[in-house]
4 protein chains.
Amino acid sequence: MTDNARRRSRERLEERERGILDAATKLFATAGFHATSTRKIAAAAGVSEGTVFHYFGSKNELMLGILDRFYNEVLNPRAAEILDTIMDTRGRLRALAVHHVSSLAADSALMMRLLQVYVGVDLEILGQDKQSPLRDLNRSYVGHLDRAVREGIERGDLRSNLETRPLRDLFFGTLEYGLRTHMYRHGTEGLDSYVDALLEPLWEGLSQSHRSKTPAQLTERLEEACERLERTADRWETAKH
Amino acid sequence: MTDNARRRSRERLEERERGILDAATKLFATAGFHATSTRKIAAAAGVSEGTVFHYFGSKNELMLGILDRFYNEVLNPRAAEILDTIMDTRGRLRALAVHHVSSLAADSALMMRLLQVYVGVDLEILGQDKQSPLRDLNRSYVGHLDRAVREGIERGDLRSNLETRPLRDLFFGTLEYGLRTHMYRHGTEGLDSYVDALLEPLWEGLSQSHRSKTPAQLTERLEEACERLERTADRWETAKH
Amino acid sequence: MTDNARRRSRERLEERERGILDAATKLFATAGFHATSTRKIAAAAGVSEGTVFHYFGSKNELMLGILDRFYNEVLNPRAAEILDTIMDTRGRLRALAVHHVSSLAADSALMMRLLQVYVGVDLEILGQDKQSPLRDLNRSYVGHLDRAVREGIERGDLRSNLETRPLRDLFFGTLEYGLRTHMYRHGTEGLDSYVDALLEPLWEGLSQSHRSKTPAQLTERLEEACERLERTADRWETAKH
Amino acid sequence: MTDNARRRSRERLEERERGILDAATKLFATAGFHATSTRKIAAAAGVSEGTVFHYFGSKNELMLGILDRFYNEVLNPRAAEILDTIMDTRGRLRALAVHHVSSLAADSALMMRLLQVYVGVDLEILGQDKQSPLRDLNRSYVGHLDRAVREGIERGDLRSNLETRPLRDLFFGTLEYGLRTHMYRHGTEGLDSYVDALLEPLWEGLSQSHRSKTPAQLTERLEEACERLERTADRWETAKH
DNA sequence: GATGAATGAGAGTTCATTCAT
DNA sequence: GATGAATGAACTCTCATTCAT
């Protein structure tokens, strides 16, 4: 077999794998994990049932493959890019949020369904196994938020007494719940600005600027500064005369 | 049949219905909706398989029955009571949150599992039917939060520019996501204080109180300070010449 | 439900169970365990596939059910009857042998096939589990041979130094192997007399009569007896004269 | 291609074939024919799935190949050697028995499993085809026992009225059944001495030796004794009168 | 000659639901 | 009203075998 042939062969394999993943993703997202049979997936992917199991040993591993691909090809790369490109904390959080929400909403349009259901699948099948590959994937993704927060605190953008875990829940819980309710009512229309509506009060609760110094304190300081300036001006005037 | 007999008969019926609901709730919560067969439910309830369908028509209606009972007997009454008893907004939100979380976590210990899975069931089977009885139940329950927020704004406890919908997502999204992650790690241990950890930054973002000066007032003061600075500057200029 | 109805209902259940067992027995015996699908069994029994599993939780339990019935309704009762009716050891062994062989050969004509294959199934599925119900069934059946041997030794019909275990192997091993080869060549024709041909050398090896007293010894004794008679006769004759 | 290269190529082929046979033998013996997939065999042999079929055409032919090799490389050669080396009938039977049993038990430790299962396979797939290659193999192997018996009778070691076929059943039936039960309880431990325990009663039933008087001779002696008794009786009668 | 991806029929089993009793 | 035997479609998954490379 020539190198060329081998390469072409590999490409075909990957194409097929992708095809199955695509079909399964769409079906799971549309009808749910349990309501989608492997037969339907095979048919939708244009392969035989055996082939599905040839590539992914079981329906569960297929699901895992979907999530793996989603995390590795969609969620993680862009999240990393965001942190590398955007530096101000507010902008980072906003970008991460929009990315998260639109990734879930995009593509199969209802990928979020998949995740919800998967939580069930996960518990049902993987049990309390803390080594679950899904956990690892999730951990690495969540790390991006953690980093944004950590650096935000270091720069003084965020309150210093914020704990990591509740923050994750605030961020992802709000976004996913919000995505669900928003899409239920308006589909993907106006999703970005809804994310802003969700983030605004959250930001208020997290940010440092008008906080450890409250607006009141800030005002006081401004007034003090003015007074000092005035006194200085007075002294100068007096000295002149 | 005497009235007495009729009454006793009715009681028996209700008792049986309750028994089935109890068994199904526990099983759904423990193993998930799809992993629980009607046969197991019947066995756990101590009735025949046919009887389950006698009372609930189908497995889906049984699930609906569980949620109906949960909303009507657990979630709603206590939420109403909270709003009737507690008056300060911070206390109300905290009580609603603890109630929500502990209701989901209590009793069957994993009732939340049920809800997650149910979302799947709901979409799978009831489709996008906006008339779904589940929606009604949910709407009425969510109303309690809406009321607490509305009254909180009226009393000046909360910022006046808060929108209802994002608030719901912030509140329930954070709580349910947090409940999930917390229970995954620690079970029901320390759940209440974790709710506090979740609510604190949220409250910071929502409350009015510590903004002793609103942005509007702040602007006024800044204007004044600027004017004074300008006057000072004028004086210097005059003095120079 | 009247008692009558309940009885009739029970009868129908048993009839159905019997029907499934009959169908499965025939198919297993004809085509082998692995080559017989539960679907075929259901069809042959005139019931739905679900019903087969309703009565026997799995294909393996169905097989166990067949063997259970075979031991309890065919093998054991007649074996017990033989020991109660026939008293001489030779006759007992012969009757047990004929019974064993003809039971295996009869009915489904190839029930023996089933046993062979089942040994495989047993090891495959029940593993080395010494608690296997099959072992119990077999133990109780083998007990009949053991008893015949024990009593045969007590009565002096059999050599006293025979061990139980090798005897079982000699008896059942020979019979089953012989049954197999005989049926392979002649079907059930002349089976009984073939059993005799198998038993004859076996009996020669087991029996006491012409053994602890060999034919030679026996002859000697006869001669001694004759001599004594002759001597006596001599004495009488002398005395007379 | 040089002759050398051709030879090396042939060697490689044979090595590969042997590797597949080895792997299949072990797996069949361990897990059974049906529970062993061709995929597992290929993996265990370190070849691709296609290669297995390249060499053996089908799973059944592979099984046949195993048996063929077993008969031709293990069973038959040593059996022939035994008959060529050992001359006394008792010793021959013992050696054949030990050889048979230990060959089945050895190597893959449970090769006997294979045979049991194979009987099933054979009937299932090769049907009643009397031309089955397995039959030929078996016939040639059984011939060794036949010869030992024939010559044993000729030498006067064995009773002259023994039939070939029942003898085969006695011999192989007892040994295989005994092997099965013994290995079930003790593995390969003490197998040889168990063979002795099986053979002893068998030998008693077959041998001529200790019948220092054959039935025919016995009859003669009995006739003589009777005649003497009759003569005695006659004398008495004469004397009386 | 060797590979291993692809196949698709068929396996055992489950399950919500029905209905005669 | 309550039962539970009966259903049969549908499920996930396995497997010997083929064939393009």
Side-chain angles (χ1 to χ4, degrees), chain A residues 1-2 4-6 8-10 12-13 16-17 34-43 46-62, chain B residues 9 12-13 16 34-43 46-62, chain C residues 1-2 4-6 8-10 12-13 16-17 34-43 46-62, chain D residues 9 12-13 16 34-43 46-62:
Chain A
M1 195 192 281
T2 67
N4 231 342
R6 192 170 290 123
R8 247 181 295 120
S9 158
R10 175 120 73 90
R12 189 139 70 213
L13 290 195
R16 226 164 241 255
E17 185 171 322
H34 288 104
T36 302
S37 70
T38 52
R39 217 184 293 279
K40 278 185 208 152
I41 294 168
V47 298
S48 74
E49 290 181 62
T51 302
V52 173
F53 287 89
H54 192 63
Y55 280 84
F56 309 88
S58 72
K59 198 184 176 187
N60 272 312
E61 281 180 62
L62 175 55
Chain B
S9 159
R12 190 114 50 113
L13 290 194
R16 228 162 235 253
H34 289 101
T36 302
S37 66
T38 52
R39 182 176 298 222
K40 278 186 207 151
I41 295 169
V47 300
S48 74
E49 299 176 58
T51 303
V52 172
F53 287 85
H54 225 50
Y55 279 85
F56 295 95
S58 77
K59 198 184 176 187
N60 274 311
E61 283 179 62
L62 174 56
Chain C
M1 196 192 281
T2 66
N4 231 341
R6 191 172 291 124
R8 248 180 294 119
S9 158
R10 175 122 70 93
R12 188 138 73 212
L13 290 195
R16 226 163 239 254
E17 185 172 321
H34 288 104
T36 302
S37 70
T38 53
R39 221 182 292 280
K40 279 185 207 151
I41 294 169
V47 299
S48 74
E49 292 180 62
T51 303
V52 172
F53 287 88
H54 191 64
Y55 280 85
F56 308 89
S58 72
K59 198 185 177 188
N60 272 312
E61 283 181 61
L62 175 55
Chain D
S9 160
R12 189 115 49 109
L13 290 193
R16 228 162 235 253
H34 289 102
T36 302
S37 66
T38 52
R39 182 176 298 223
K40 278 186 208 152
I41 294 168
V47 301
S48 74
E49 298 176 57
T51 303
V52 172
F53 287 87
H54 224 50
Y55 280 85
F56 295 94
S58 76
K59 197 185 177 188
N60 274 310
E61 283 179 61
L62 175 55

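Quick note on labels: first sequence line is chain A, next is B, and so on, each numbered from 1.
- Distance NE2 (His34(C)) to P (dG12(E)): 9 Å, rounded to an integer number of Å.
- At a threshold of 4.5 Å between non-hydrogen side-chain atoms, the residues Tyr55(C) and Leu13(C) count as touching.
- Per the geometry, CD belonging to Glu17(A) stands 13 Å off C1' belonging to dA5(E), to the nearest Å.
- Pairing of dA2(E), defined by two Watson-Crick or G-U wobble distances under 3.5 Å, is identified with dT21(F).
- A sub-4.0 Å separation between OP1 or OP2 of dT12(F) and a side-chain N or O of Thr38(A) is present.
- For dG1(F), the OP1/OP2 oxygens have a side-chain nitrogen or oxygen of His54(B) closer than 4.0 Å.
- OP1 or OP2 of dT7(F) lies within a sub-4.0 Å distance of a side-chain N or O belonging to Thr51(C).
- Where Gly50(D) and Gly46(B) meet DNA chain F, the nucleotide closest to each residue was compared, and Gly46(B) sits on the side nearer the 5' end.
- Taking OG from Ser58(A) and CG from Leu62(A), the interatomic distance works out to 8.0 Å, rounded to the nearest 0.5 Å.
- Between Arg16(A) and the phosphate of dA5(E), there is no side-chain N or O to OP1/OP2 separation shorter than 4.0 Å.
- The nearest heavy atom of DNA chain E to Tyr55(A) and to Lys59(C) marks one nucleotide each, and the one closer to the 5' end goes with Tyr55(A).
- With rounding to the nearest 0.5 Å, the separation of OG1 in Thr38(D) from CZ in Phe56(D) is 13.0 Å.
- The residue among Glu49(D) and Ser48(A) whose nearest nucleotide of DNA chain E lies closer to the 5′ end is Glu49(D).
- For Leu62(D) and dC15(F), the CG to P distance is 15 Å, given to the nearest whole Å.
- Separating the CZ atom in Phe53(B) from the CD atom in Glu49(B) is a distance of 8.0 Å, to the nearest 0.5 Å.
- Taking atom CZ of residue Arg39(A) and atom P of nucleotide dT12(F), one finds them 8 Å apart after rounding to whole Å.
- Between the CD1 atom of Ile41(A) and the C1' atom of dC13(F) there is a distance of 13 Å, given to the nearest Å.
- Distance, Arg12(C) CZ to dA20(E) C1': 9 Å, rounded to whole Å.
- As rounded to whole Å, 15 Å separates atom C1' of dG1(F) from atom CZ of Phe56(B).
- Of the residues near DNA chain F, Gly57(A) and Val47(C), the one whose nearest nucleotide (by heavy atom distance) lies more toward the 5' end is Val47(C).
- In this structure dG10(E) sits in a base pair with dC13(F), meeting the Watson-Crick or G-U test at under 3.5 Å.
- Taking atom CZ on Phe53(C) and atom P on dC11(F), their separation rounds to 17 Å, with Å as the unit.
- Counting only distance, with no hydrogens or angles, the side chain of Thr51(A) and the backbone of His54(A) share no donor-acceptor pair below 3.5 Å.
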